Amino acid sequence: MTQTAPLARLFEPARWGKLHSKNRIKYGSCCVSNYNNRDGTHTIREHARTQVIAQTGCGIITNQGAYPDPLGEGKGYFRQVAIYDDKCIPEFEKIAGYIHDAGAIAVQQVLHAGRYGGIDLGYCLQPSIVPQTLPHFRPPREITKEQIRATVQQHAEAARRALKAGFDATEVTSFMGYLLATFNSKFTNRRTDEYGGSLKNRGRFMCELIDAMKQAQGDAPLVIRLNGNELMDRWGGNTEDECFELMQLAAEHGVDMISVTVGWQEAPESSIGRDVPPGYWRRLAARAKKMLPNTPIAFGNRLPDPHMASKCIEQGEFDFWEVCRPMLADPELVHKAAAGRMGEVKRCIGSLNCLSRLFRDLPYTCTRNPQLGHEYDPAYQITPAVMPKKIMVIGAGPAGMECAITAKRRGHDVIVFERGPGIGGALAGYARNDLANSDDLTSVVAYYRNMAEALNIEVRCNTSIDVKAMRSMLHQYDVAVIATGARIDARFLPECTPVRGWWCWAGARSG
Ligand SMILES: Cc1cc2nc3c(=O)[nH]c(=O)nc-3n(C[C@H](O)[C@H](O)[C@H](O)COP(=O)(O)O)c2cc1C
Ligand code: SF4
């Protein structure tokens with residue numbers, strides 16, 4: 001049975017200005033991957049990853065935020081890509097090509113990290129000197145008016161380059177407290193000139209950026225990412241009402257889409273972690289849509305469910321479902337949803353392993369998707385086995401089931417032995433008692449059950465395999481995989497440190 005009918009709104013073609021999108025799904029800029037070279041040039045690893053992104057089935061695809069200045073003041077991540085010079089254009093041409101070949105609209109994001117930038121320098125740029133609240137970031141320097149003018153120009157030049165490379169549209173981000181957000185926010189903008197003070201003055205930099213980028217790119221659309229709520233009350237940030245006034249201002253300056261986001265890196269409150277119920281922030285998108293009925297609104301923060309997204313679109317809460325992490329966890333999400341195979345989706349569980357690694361200057365990985373970042377690596381491709389084998393897997397927890405699924409897909413004959421009554425191992429018990437969103441972890445267990453059924457993997461429950469049983473059975477198998485779980489040794493427990501509002505585990509390093 002196909003589930004396309006309930007997803008009809010999500011999969012309907014949509015007009016976006018003069019552009020046509022094959023559906024209402026926007027791949028959110030979720031690609032600052034740390035896979036590139038330190039000088040901002042692309043790698044084979046990044047291209048392989050981007051080819052997978054292009055094939056996700058989204059109607060609009062936003063390429064990762066590129067920094068626009070040659071000094072790297074806008075560079076927020078060790079291996080972030082750069083778009084500060086025409087010499088960058090050929091690599092971006094390839095990326096626009098992948099996206100177009102897949103029939104999607106290509107959007108290039110410009111990301112000047114501002115307060116979180118200057119990663120290779122001994123300082124960062126901000127409207128005013130407001131000390132960092134998190135130790136990872138560089139000490140602030142106040143941006144001069146001359147630098148403001150140069151930065152606006154750099155954004156315009158970046159937009160021009162993106163268009164020249166073949167992109168259909170551009171995007172500027174204030175996500176999580178980058179340069180644009182620091183001008184908009186009362187917390188970081190304490191200037192006394194025309195760029196500070198009143199909301200109109202604080203928004204001046206944003207308006208200048210919009211005007212300059214739009215002028216540079218002609219009638220190609222411009223998206224702006226703006227906070228619906230900064231979650232920065234404790235630090236004296238903007239109120240929610242102020243955030244919406246800023247959206248209004250952006251709309252008056254003719255932006256072609258507003259992507260509504262939530263929170264800053266250093267917000268004390270969680271915005272997209274596992275403790276936030278899916279769909280929790282959709283009210284912000286709905287408020288934006290109500291206020292700006294003629295401006296396309298994109299939204300998706302911590303909204304991993306396409307059915308919920310389709311319903312929101314139907315109810316007029318937003319126009320485009322903007323997805324990031326759910327497609328890191330499962331790049332096939334859109335195709336599986338369209339085919340009514342939601343039970344086979346690896347759902348993003350909000351663990352934030354991906355982001356926490358970026359802030360440790362490591363390439364991102366995903367708790368659920370071991371292939372993420374290894375798209376270029378033949379060892380990670382699921383290819384038919386040269387010689388099919390008979391494999392016994394002991395333990396039906398996540399490790400055992402991942403192994404069984406991969407082996408089965410490669411054409412091996414697999415039987416899983418499980419001591420307990422069902423699939424899931426220790427995770428199943430933990431999921432039942434989860435104090436956050438039990439849906440997240442129970443979905444992992446359900447996925448393994450569904451995949452066992454879909455791939456016809458035999459799982460023998462209530463079957464203990466001890467040494468004696470092994471000896472009596474081994475001759476029947478070519479390979480035995482022991483996946484009986486681990487015991488936690490408290491001496492080696494990772495330290496849990498509060499890093500930038502999202503709780504990041506030091507242990508996530510080993511990802
Ligand atoms: C690994 C990773 C990289 C991201 N890179 C960007 C980026 O380059 N630009 C941006 O505006 N947001 C970026 N984001 C934020 C996402 O676009 C998105 O707003 C956020 O993850 C919440 O949406 P989700 O719940 O669908 O993941 C990134 C997020 C993650 C997890
Ligand atoms: S690491 Fe966690 S939060 Fe990030 S995409 Fe994977 S499951 Fe989602």
Side-chain angles (χ1 to χ4, degrees), residues 25-36 49 53 58 61-67 74-77 79-81 83 107-113 116 171-181 223-228 259-265 270-282 285 298-306 308-309 320-331 333 345-359 362-373 398 437 440-441 443-444 447 502-505 508 511:
I25 309 170
K26 176 175 186 277
Y27 187 97
S29 181
C30 185
C31 347
V32 170
S33 54
N34 269 345
Y35 295 161
N36 297 294
R49 169 76 199 137
I53 293 172
C58 301
I61 292 184
T62 323
N63 188 37
Q64 64 184 293
Y67 65 93
K75 183 177 175 185
Y77 303 89
R79 293 173 187 276
Q80 188 181 344
V81 287
I83 192 162
V107 182
Q108 177 58 49
Q109 187 183 83
V110 184
L111 190 168
H112 188 304
Y116 307 141
E171 175 170 301
V172 61
T173 184
S174 70
F175 180 70
M176 294 282 172
Y178 295 138
L179 184 69
L180 172 52
V223 187
I224 190 163
R225 299 200 92 181
L226 289 172
N227 275 123
S259 155
V260 178
T261 64
V262 193
W264 275 34
Q265 315 272 24
S270 178
S271 56
I272 58 171
R274 222 163 65 70
D275 47 342
V276 176
Y280 183 75
W281 300 112
R282 53 193 260 210
F299 178 77
N301 281 212
R302 186 68 175 134
L303 199 163
D305 177 8
M308 188 190 278
F320 289 90
W321 180 38
E322 186 169 48
V323 214
C324 165
R325 294 168 303 159
M327 288 215 240
L328 298 188
D330 193 340
L333 167 63
V345 168
K346 281 192 166 188
R347 169 172 154 157
C348 165
I349 54 170
S351 61
L352 283 173
N353 180 19
C354 46
L355 265 172
S356 61
R357 282 176 60 91
L358 290 187
F359 290 109
L362 295 167
Y364 67 22
T365 58
C366 173
T367 311
R368 297 232 48 208
N369 177 7
Q371 279 174 311
L372 182 72
N437 285 290
D440 285 325
L441 298 185
S443 80
V444 181
Y447 164 81
W502 299 324
W503 286 73
C504 301
W505 289 87

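Values below: all heavy atoms of this structure, side chains included; hydrogens, waters and symmetry mates excluded. Both ligands and their constituent atoms are indexed starting at 1 by order of listing. Here the structure is a predicted model, which is why all the values come from computation and not from measurement.
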>> Quick check on side chain to side chain contact (heavy atoms under 4.5 Å, CB included): which of Leu180, Ile224, Leu111 does Ser174 satisfy it with?
In response: Leu180

> Taking atom CE of Met176 and atom CG of Asn227, what is their separation to the nearest 0.5 Å?
Replying inline: 7.5 Å

> Considering only heavy atoms of Gly350, which atoms of ligand 2 have at least one such atom less than 4.0 Å away?
Replying inline: 3 (S), 8 (Fe)

> Considering distance alone, does some N or O of Leu303 sit under 3.5 Å from an N or O of ligand 1?
Replying inline: no

> For ligand 1, which atoms, with element, lie under 4.0 Å from some heavy atom of Leu111?
Replying inline: 7 (C), 8 (O), 9 (N)

>> One pair to check against side chain to side chain contact (heavy atoms under 4.5 Å, CB included): Asn34 and Arg357. What are the steps and the verdict?
In response: CA-CA 9 Å; Asn34 269 345; Arg357 282 176 60 91; over 6 Å; no

> Below 4.5 Å, heavy atoms only, C-beta onward: do Leu441 and Ile349 meet side chain to side chain?
Replying inline: yes

> Can you list the ligand 1 atoms lying under 4.0 Å from a non-hydrogen atom of Gln109?
Replying inline: 7 (C), 8 (O), 9 (N), 10 (C), 11 (O)

> Taking atom 1 (S) of ligand 2 as the point of reference, which of Asp330, Leu355, Leu372, Thr367 owns the nearest heavy atom?
Replying inline: Thr367

> Got a sec: is Cys354 within less than 2.8 Å of atom 6 (Fe) of ligand 2 via an N/O/S atom?
Replying inline: no

>> With heavy-atom distances below 4.0 Å as the criterion, list the atoms of ligand 1 near Gly300.
In response: 25 (O), 26 (O)

> Can you find an N or O of Arg225 that's nearer than 3.5 Å to an N or O of ligand 1?
Replying inline: yes

> Does the gap between the ring centers of Tyr35 and Tyr364 come in under 6.0 Å?
Replying inline: yes

> Which ligand 1 atoms does Arg325 reach within 4.0 Å, using its non-hydrogen atoms?
Replying inline: 21 (O), 24 (P), 25 (O), 26 (O), 27 (O), 31 (C)

> Any N or O of Ser29 that comes nearer than 3.5 Å to an N or O of ligand 1?
Replying inline: yes

>> Using 0.5 Å steps for rounding, measure from the OG1 atom of Thr367 to the CG atom of Leu328.
In response: 10.5 Å

> Taking the minimum heavy-atom distance to atom 1 (C) of ligand 1, which of Tyr364, Phe299, Tyr27, Trp281 ranks first?
Replying inline: Tyr364

> Does an N or O anywhere in Thr173 fall below 3.5 Å from an N or O of ligand 1?
Replying inline: yes

>> Within this structure, what is the SG-CG distance for the pair Cys348 and Asp440, rounded to the nearest 0.5 Å?
In response: 7.5 Å

> Where the closest heavy atom to atom 23 (O) of ligand 1 is concerned, which of Val223, Asn301, Thr365, Leu328 has it?
Replying inline: Asn301

> Taking 4.0 angstrom as the limit, do Arg282 and Asp305 come out as a salt bridge?
Replying inline: no

> When you measure from atom 2 (Fe) of ligand 2 to every protein heavy atom, which one gives the shortest distance, and what is it?
Replying inline: Ser351 OG, 2.1 Å

> So how far is it from Thr365 OG1 to Asn353 CG, rounded to the nearest 0.5 Å?
Replying inline: 4.0 Å

> Which of the atoms of ligand 1 are close to Pro326, meaning less than 4.0 Å from one of its heavy atoms?
Replying inline: 26 (O)

>> Tell me the contacting part of Met176 for ligand 1: side chain, backbone, both, or neither, using a 4.0 Å heavy-atom threshold, strictly below.
In response: neither

> Which residue and non-hydrogen atom of the protein lie closest to atom 7 (S) of ligand 2, and at what distance in Å?
Replying inline: Ile349 N, 3.5 Å

>> Looking at Tyr447, I'd like to know if the NZ or CZ of Arg368 sits under 6.0 Å from its six-membered ring centre while staying within 45 degrees of the ring's axis.
In response: yes

>> Just to be sure I read this right, does ligand 2 sit under 4.0 Å from the backbone of Leu352, its side chain, both, or neither, counting only heavy atoms?
In response: backbone

>> Determine whether Lys346 and Cys366 satisfy the following criterion, side chain to side chain contact (heavy atoms under 4.5 Å, CB included), listing intermediate values before the conclusion.
In response: CA-CA 11 Å; Lys346 281 192 166 188; Cys366 173; over 6 Å; no

>> Looking only at protein heavy atoms, which one is nearest to atom 8 (Fe) of ligand 2, and what is the separation?
In response: Cys348 SG, 2.4 Å

> Closest non-hydrogen protein atom to atom 6 (Fe) of ligand 2, residue and atom name please, with distance?
Replying inline: Cys366 SG, 2.3 Å

> Knowing that exactly one of Ile25, Leu303, Asn301 qualifies, which makes a side chain to side chain contact (heavy atoms under 4.5 Å, CB included) with Val323?
Replying inline: Ile25

>> If only side-chain N and O atoms count, and only distance matters, is there a donor-acceptor pair under 3.5 Å linking Arg225 with Thr173?
In response: no

> Counting from 1, what ligand 1 atoms have a heavy atom of Arg302 closer than 4.0 Å?
Replying inline: 24 (P), 25 (O)

